[in-house]
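Below is one structure, written out as structure tokens; the observations come after it.
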Protein chains: 2
Amino acid sequence: MNTDPNPDPFEPESKERLRLWLRLLKTTRLVEAELRERLRLEFATTLPRFDVMAALHRHPKGLKMSELSRFLMVSNGNVTGIVDRLAEDGFALREQVPGDRRAARARLTQKGKEEFIRQAEAHEAWLDAMLAEIGPDIASDLSTALARISDKFED
Amino acid sequence: MNTDPNPDPFEPESKERLRLWLRLLKTTRLVEAELRERLRLEFATTLPRFDVMAALHRHPKGLKMSELSRFLMVSNGNVTGIVDRLAEDGFALREQVPGDRRAARARLTQKGKEEFIRQAEAHEAWLDAMLAEIGPDIASDLSTALARISDKFED
DNA sequence: AGGAAGTATTTCAAGTATAAAATTTTAAGC
DNA sequence: GCTTAAAATTTTATACTTGAAATACTTCCT
């Protein structure tokens with residue numbers, strides 16, 4: 001489906017890759033901005049809070065702070081503050097890990113779980129609308145191509 | 001090239017789109033994190049500073065603060081601080097716009113321009129290596145598909 | 001001219017983000 | 001058992017980010 005396979009044979013491939021990167025960045029930021037605004041308006045929350053809640057929802061037994069940090073690819077000190085604020089609102093809590101007094105496991109409260117489910121349903125519907133241009137087969141191809149990039153970072 | 005066109009005919013398309021989004025986010029964050037670290041180690045700078053310098057480099061006559069803000073899709077108040085810090089380091093400066101005493105145009109200094117060129121060359125080489133898995137034709141297809149998403153946000 | 005509405009920018013408060021240092025606890029080697 | 005290394009988390013300092021309010025100037029309408 002590539003309609004213009006080689007517009008300028010003298011242009012290096014690196015320029016084409018740079019263009020791809022800029023497009024990737026722009027698309028991601030547009031979608032992110034839209035999600036952030038809707039989360040703010042409809043649920044009075046933020047994207048980082050949503051991300052943390054999503055991670056905790058996928059792990060009902062809870063996650064250690066360091067696991068959360070790795071999973072979300074954000075710094076260690078960062079999750080401390082986000083979980084603090086979620087705890088203040090009664091959406092999450094910390095539990096001591098038995099047998100290791102260094103570690104604490106964060107998990108959702110019942111209230112947090114219910115709230116997250118509401119948010120996640122809206123989130124999925126918003127995304128579905130935003131990516132409506134992309135049919136399921138193209139979505140799958142795109143995912144595969146993107147996976148090829150991110151797989152290079154495994155180490 | 002879609003090797004698995006319909007893994008579960010009962011799964012809604014929205015799940016496939018959600019997966020695509022998560023993959024998009026993960027890939028972008030991985031590449032961004034790598035670029036940020038390299039900019040820090042090799043040039044003692046940050047991604048937002050690089051982005052501002054790139055925008056100013058593309059517009060040698062300078063950009064108004066509000067134009068910079070729109071171009072980079074970041075908030076108005078945000079660019080103020082970044083340009084402030086670039087100015088402290090002698091990489092950028094503000095000029096009054098003649099005929100409109102509200103507006104100021106930011107542009108690169110000669111020192112800033114030279115520094116940016118060094119950084120941009122390294123940046124392009126890093127990206128080329130990170131996206132090496134993606135050939136130019138696939139890069140072009142990918143860009144087209146992503147453009148279909150971001151074009152929906154024009155208004 | 002004079003005022004309302006709009007535009008450009010900065011300031012502000014709160015939250016997010018990083019890297020690095022500090023703290024506390026656990027595990028390993030000898 | 002004692003020391004040292006490793007691990008988990010928090011704290012610190014600095015920068016980035018947003019949305020909203022404040023400030024200053026411009027334009028438009030009458």
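A note on names: the letters A, B, ... follow the listed sequences, proteins ahead of strands, and every chain is numbered from 1. All heavy atoms count here, side chains included; hydrogens, waters and symmetry mates do not.
- Taking CG of L86(A) as the start and CE of M53(A) as the end, the distance is 6.0 Å to the nearest 0.5 Å.
- An OP1 or OP2 oxygen of dT11(C) is reached within less than 4.0 angstrom by no side-chain nitrogen or oxygen of T80(B).
- Nearest approach of W21(B) to T28(A), heavy atoms of both residues: CH2-O, 3.7 Å.
- What separates CD of E34(B) from P of dT18(C) is a distance of 14 Å, to the nearest Å.
- Residue contacts shown for S69(B) are absent, as no nucleic acid heavy atom lies under 4.0 Å away.
- Of the two residues contacting DNA chain D, namely R70(A) and A33(A), the nearest-nucleotide position lying further toward the 5' end is that of R70(A).
- For E95(A) and dT9(D), the CD to P distance is 13 Å, given to the nearest whole Å.
- Considering only side-chain atoms of P48(A), the nucleotide from dT17(D), dT16(C), dA8(C) that sits closest is dT16(C).
- Between the CG atom in L30(A) and the CG atom in L146(B) there is a gap of 11.0 Å [rounded to 0.5 Å].
- At the heavy-atom level, R105(B) lies nowhere under 4.0 Å from the strands shown.
- The shortest distance between the side-chain N/O atoms of S66(B) and the OP1/OP2 oxygens of dT9(C) is below 4.0 Å.
- Nucleotide dT18(C) holds its C1' atom 7 Å from the CZ atom of R36(B), rounded to whole Å.
- Counting to the nearest Å, the P atom of dT9(C) and the CD atom of Q96(B) are 9 Å from each other.
- Using a 4.0 Å heavy-atom distance criterion, N76(A) is classed as a base contact.
- Rounded to an integer number of Å, the gap from CG of D89(A) to C1' of dG15(C) is 12 Å.
- The CZ-P distance, from R85(A) to dT10(D), rounds to 13 Å in whole Å.
- For the OP1/OP2 pair of dT10(D) and a distance below 4.0 Å, the side-chain nitrogens and oxygens of R94(A) include at least one atom meeting the criterion.
- Note: L56(A) CG to E67(A) CD = 10.5 Å, rounded to the nearest 0.5 Å.
- Between R101(A) and dT26(C), a side-chain N or O to OP1/OP2 separation shorter than 4.0 Å is present.
- The line from CG of L24(B) to CZ of R17(B) is 14.0 Å long, rounded to the nearest 0.5 Å.
- If you check every strand for non-hydrogen atoms under 4.0 Å, L47(B) touches nothing.
- Taking side-chain N and O atoms only, R40(A) has a distance below 4.0 Å to OP1 or OP2 of dA20(D).
- With distances taken from any side-chain atom of R102(B) to the nucleotides dT17(D), dT18(D), dA24(D), the minimum falls on dA24(D).
- We find that CG of L63(A) is positioned 14 Å from C1' of dA8(D), with the value rounded to whole Å.
- Taking the side chain of A103(B) as heavy atoms from C-beta on, and the options dA8(D), dT16(C), dT9(C), the nearest nucleotide is dT9(C).
- When each of G99(A) and S75(A) is assigned the nucleotide of DNA chain C bearing its nearest heavy atom, the one mapping closer to the 5' terminus is S75(A).
- Rounded to whole Å, the distance from CD1 on I82(B) to P on dA17(C) is 15 Å.
- If V79(A) and V74(B) are placed on DNA chain D by their nearest nucleotide, the residue sitting closer to the 5' end is V79(A).
- Ring geometry, F50(B) versus F116(B): the interplanar angle falls from 30° to 60°, so the pair is classed tilted.
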